[in-house]
Visitor: 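Quick one: the structure is below, and I'll ask about it shortly.
Just so you know, residue 1 is the first one in the sequence shown, and it goes up from there. What you see is a predicted model; the values in this text were computed from it and never measured. Only this structure's heavy atoms are used, side chains among them; waters, hydrogens and symmetry mates stay out.
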Amino acid sequence: MIAGYSPEIQAIFGTLFTWGLTAAGSALVFLMSGTQRKFLDSSLGFAAGVMLAASYWSLLAPAIEMAESSGMYGESGEYAFVPVALGFFLGALFVYAADQIMHYFKIGSTELMIGMNVECNSSPETKRKGVKHNSGSHNLSKPSNDGLTKRKARVPTGDEEELILGLSNEDYNKLIKQSAEKWKRILLLVIAITVHNIPEGLAVGVGFGAIGKSPKATFESARNLAIGIGIQNFPEGLAVSLPLRGSGVSVWRSFWYGQLSGMVEPIAGLIGVVGVSWIEPLLPYAMAFAAGAMVYVVCDDLIPEASSSGNGRQASWGAIFGFILMMCLDVGLG
């Protein structure tokens, strides 16, 4: 981002900038409040809108343009759809495989849930007992003879006693399963946006690494590319943090996972600037791969989940707002 430095240093500066704006977008979660279901569904809709817009304007359209201009797919680029279609399919297949692997290894199960709050305060008896579920506390629960779930909890005296939750064993197990599925869904969202950030980091690295190799490959063009990608990363960080916060994850954890999705960009940028000669032909595949991963998550997880509790209208407006915001940033900075 500063003229006069080596391409590697410039690529690192550029991708640190894009990562920083991802973190800045995630930091907006500190200004949000509420973990109610409508908030979660609206944030899932917002994330879906951001991802749909980014999948086209940030990924598919540039991938098609790169394939057409490469001269590798027909004289006039009439076969430019081949790498894009293949990459898109492989991206969707990747997320599907990740979902199956998580299910196989019980990632997101009750044994491996991290940072999730299991709220069981719908029962009047639970409220009177003042029992609050904290992450990881479900392993202290056990069935009682009367068919109700018991667990150990701290009482005002400072001692630990075994209290009845007021939920049947069946209802309690069902609640745990729903929370585990919600966590796995959020994890897939983080994976999809992280995968999307890899080709963007590669693109910034290639941009700085190619300076001087063609008339259009200038420092200014590489710098503008980094600025554009960085600014459009801003709502993507928020698109990860908001659903996490709406699911009951703490503010700091929500911020951490949001900015974590952009942490791959400096690594990918360094790879791009070092291997510019062989990374550049692969960019159409990589960008379409990321688009396929994002669209699959939107269609298979975000939209069905956001509409499952009767809050489809709130989710739809969240998606429209997210789509418009991302489209304006992508087109305006294109």
Visitor: What residue pairs, at least two apart or across chains, pass ring-ring contact (aromatic ring centres under 6.0 Å, His included) with a residue in residues 286-316?
Guide: Phe94-Phe289

Visitor: Keeping Glu236 on the side-chain end and Phe234 on the backbone end, is there a donor-acceptor pair under 3.5 Å?
Guide: no

Visitor: Over 60° means perpendicular and under 30° means parallel, so classify the ring planes of Phe255 and Trp252, tilted if in between.
Guide: perpendicular

Visitor: According to the interplanar angle, ranging from 0 to 90°, do the rings of Tyr5 and Phe13 count as parallel (below 30°), tilted (30 to 60°) or perpendicular (above 60°)?
Guide: perpendicular

Visitor: What pairs of residues pass the side-chain hydrogen bond (donor to acceptor under 3.5 Å, both in side chains) test when at least one of them lies in residues 310-328, not counting sequence neighbours?
Guide: Asp41-Asn311

Visitor: Donor-acceptor pair, distance only, cut-off 3.5 Å: does the side chain of Asn197 make one with the backbone of Ser261?
Guide: yes

Visitor: Using atom types as modelled and distance alone, determine if a side-chain donor or acceptor of Ser307 lies under 3.5 Å from a backbone N or O of Pro304.
Guide: no

Visitor: Give a yes or no answer on whether the side chain of Trp19 reaches the backbone of Pro266 with a donor-acceptor pair at less than 3.5 Å.
Guide: no

Visitor: Check whether any side-chain N or O of Ser26 sits under 3.5 Å from a backbone N or O of Gln259 as a donor-acceptor pair, and report yes or no.
Guide: yes

Visitor: Between Thr18 and Glu265, is there a side-chain donor-acceptor contact under 3.5 Å, judged purely by atom types and distance?
Guide: yes

Visitor: Counting distance only, does the side-chain N/O of Ser70 pair as donor-acceptor with the main-chain N or O of Ala67 below 3.5 Å?
Guide: yes

Visitor: Between Asp99 and Val95 (side chain of the first, backbone of the second, donor and acceptor by atom type, cut-off under 3.5 Å), is there such a pair?
Guide: no

Visitor: Would you say Thr22's side chain and Gly262's backbone share a donor-acceptor pair under 3.5 angstrom?
Guide: no

Visitor: Ignoring hydrogens and geometry, is there a side-chain-to-backbone donor-acceptor pair from Ser58 to Ser55 under 3.5 Å?
Guide: no

